[in-house]
Number of protein chains: 2
Amino acid sequence: MLRCEDVDSLVAVLRRSGYKITQARRAVIETLAEEASHLTAPDVVEAVQKRTPGVGRASVYRTLELLMRVGLVQSSTLGGAAATYRLTPDRHHHHVVCLECHKTVEFEECALPELERRLGERLGFELEGHLVELYGRCPDCLA
Amino acid sequence: MLRCEDVDSLVAVLRRSGYKITQARRAVIETLAEEASHLTAPDVVEAVQKRTPGVGRASVYRTLELLMRVGLVQSSTLGGAAATYRLTPDRHHHHVVCLECHKTVEFEECALPELERRLGERLGFELEGHLVELYGRCPDCLA
DNA sequence: GTATATGCAAAAAGTTTGCACAGTA
DNA sequence: TACTGTGCAAACTTTTTGCATATAC
């Protein structure tokens, strides 16, 4: 599941931006690359410490914040209250979320690249990613 | 800013679903309808208590959760860590968020209705809303 | 060598829960 | 009246901060 090329390229982005590559930061990146997805912050802390004992809680939080600022990580609430984190997917996979049971299904179609280009131009933003989530009720909960 | 028709129709949705209309629930709904947008949970607590003293913190949390489950409220992290809440807009207004300074700009264009219809059909979901956020860097932070 | 980042522990902030009481339908 | 929902306070969880030390470059 761990894809080294991915980890390396993410690390490279950090390095290029002038950030030091530390054990803690590498551990967070590797953990996110390895775990399926949608971890809450405490989940990430736990997973990181299991994989790389000795990394402090605070560093995980600081690293998540850094990775978000740099755009390597995205957070969302998946229709629930707790924020979850995951590596920004370069292959699109957005979510359909059931508001009742919080089941989520991924889908790949994305109608946004064109819109993104147009808006970026109009607003002067340099856009580098997006998040799309559809909410509703899944077949099970409808029954 | 407070639009009574809106509050009434939201209240009606709750009532129709079998939930009781209490002072606390009404206060949360009115607060969300009144405040511009993007309040964190503690923000909502504060605003509700200012507008309707006597409402307990716990009830605000319970009501937010209820409103989300019913689909009247949406939450998102706006690219940051803290979840924010707002009434589900029926007029679309999605967001462009700066990852650096968290400035957000709204836009109205939405490429999703068609996609939503198609996916709902394919997955058997009954979809009732969506969230679209674009991330990047704003002109100020680019400079 | 030096500035940046870390780990720890403590403080702060945010959220949930149990329960007796109140208010809606 | 019956039962859902409330407010409170306490417990619990999550996040942030300060600081001495370690480490990447």
Side-chain angles (χ1 to χ4, degrees), chain A residues 7-8 10-31 38-70 72-73 75-78 80-85 102, chain B residues 8 10-31 38-70 72-73 75-85 102:
Chain A
V7 170
D8 286 349
L10 299 178
V11 163
V13 171
L14 274 195
R15 182 174 285 126
R16 244 182 286 120
S17 303
Y19 297 104
K20 297 188 173 164
I21 308 308
T22 64
Q23 186 197 37
R25 286 174 178 169
R26 191 179 284 273
V28 171
I29 293 175
E30 287 175 353
T31 297
H38 307 311
L39 302 175
T40 63
D43 287 345
V44 177
V45 170
E46 189 186 357
V48 164
Q49 292 184 335
K50 203 167 74 185
R51 138 182 278 281
T52 314
V55 174
R57 213 192 350 277
S59 297
V60 174
Y61 278 93
R62 288 185 279 228
T63 300
L64 282 176
E65 203 235 313
L66 169 64
L67 293 176
M68 292 230 304
R69 215 169 51 235
V70 176
L72 295 180
V73 159
S75 75
S76 90
T77 65
L78 288 181
T84 59
Y85 301 84
H102 293 112
Chain B
D8 287 349
L10 299 178
V11 163
V13 171
L14 274 195
R15 182 174 285 126
R16 244 181 287 119
S17 303
Y19 297 103
K20 296 188 174 165
I21 307 309
T22 64
Q23 186 199 36
R25 287 174 178 169
R26 191 179 284 273
V28 171
I29 292 175
E30 286 175 353
T31 297
H38 306 310
L39 302 175
T40 63
D43 287 345
V44 178
V45 170
E46 188 186 359
V48 164
Q49 293 182 335
K50 202 166 77 184
R51 138 182 278 281
T52 314
V55 174
R57 209 187 1 271
S59 296
V60 174
Y61 278 93
R62 287 185 280 227
T63 300
L64 283 176
E65 203 235 312
L66 169 63
L67 293 176
M68 291 231 304
R69 215 169 51 235
V70 175
L72 295 179
V73 160
S75 75
S76 90
T77 66
L78 290 180
T84 59
Y85 301 84
H102 293 113

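Within every chain, numbering begins at 1; the chains are lettered A, B, ... in the order of the sequence lines, protein sequences first and strands thereafter.
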From CG of A/Leu14 across to C1' of C/dT6 the rounded distance in Å is 16 Å
A/Thr84 and side-chain contact (heavy atoms from CB on, under 4.5 Å): which partner among A/Thr40, A/Val44, A/Asp43? A/Thr40
Please determine whether a side-chain nitrogen or oxygen atom of B/Ser59 lies at a distance below 4.0 Å from atom OP1 or OP2 of D/dG7. yes
Regarding A/Val55, tell me which of base, sugar-phosphate or nothing describes its non-hydrogen contacts under 4.0 Å with the strands shown. sugar-phosphate
D/dT17, D/dA10, D/dC8: which one has an atom nearest the side-chain heavy atoms of B/Arg57? D/dA10
note: A/Glu65, atom CD; C/dT4, atom P; distance rounded to Å ~ 16 Å
So does B/Tyr61 get a side-chain nitrogen or oxygen closer than 4.0 Å to the phosphate oxygens (OP1/OP2) of C/dT15? yes
Is it the case that more than 12 heavy atoms not belonging to A/Gln49 sit under 6.0 Å from its CD atom? yes
Mapping A/Ala41 and A/Arg62 to their closest nucleotides on DNA chain D, which lands nearer the 5' end? A/Ala41
From CA spacing to verdict: side chain to side chain contact (heavy atoms under 4.5 Å, CB included), B/Leu10, B/Leu67: CA-CA 9 Å; B/Leu10 299 178; B/Leu67 293 176; over 6 Å; no
Without decimals, in angstroms, what is the distance between A/Ile29 CD1 and C/dA5 P? 13 Å
Check the phosphate of D/dG5 against B/Arg25, side-chain N and O only, distance under 4.0 Å to OP1 or OP2. Yes or no? yes
Answer with yes or no whether the side chains of B/Ser75 and A/Thr77 bring together a donor and an acceptor at under 3.5 Å. yes
Would you say A/Leu72 and A/Leu66 make side-chain contact, with heavy atoms under 4.5 Å? no
Whole-Å gap separating P (C/dG14) and CG (B/Asp43): 9 Å
Once you apply a heavy-atom cut-off of 4.0 Å, does B/Ala24 come out as touching a base, just sugar-phosphate, or nothing? sugar-phosphate
For A/Tyr19 and C/dT6, give me the distance from atom OH to atom P, rounded to whole Å. 12 Å
OP1 or OP2 of D/dC25 versus the side-chain N and O atoms of A/Arg15: is any pair under 4.0 Å? yes
What integer distance in Å separates B/Gln23:CD from C/dT24:P? 9 Å
Residue A/Ala58, side-chain atoms from C-beta onward, closest of C/dA25, C/dA9, D/dC8: C/dA9
Report the distance from atom CZ of B/Arg16 to atom C1' of C/dA25, rounded to the nearest whole Å. 17 Å
Taking only side-chain nitrogens and oxygens of B/Thr22, does any of them come within less than 4.0 Å of OP1 or OP2 of C/dG23? no
Nearest-nucleotide wise, let me know which of B/Gly18 and B/Gln49 is further upstream toward the 5' end of DNA chain D. B/Gly18
Name the residue closer to the 5' end of DNA chain C, choosing between B/Thr40 and B/Ile21 according to the nucleotide with the nearest heavy atom. B/Thr40
Within this structure, what is the CG-to-C1' distance between A/Leu66 and D/dT15, rounded to whole angstrom? 17 Å
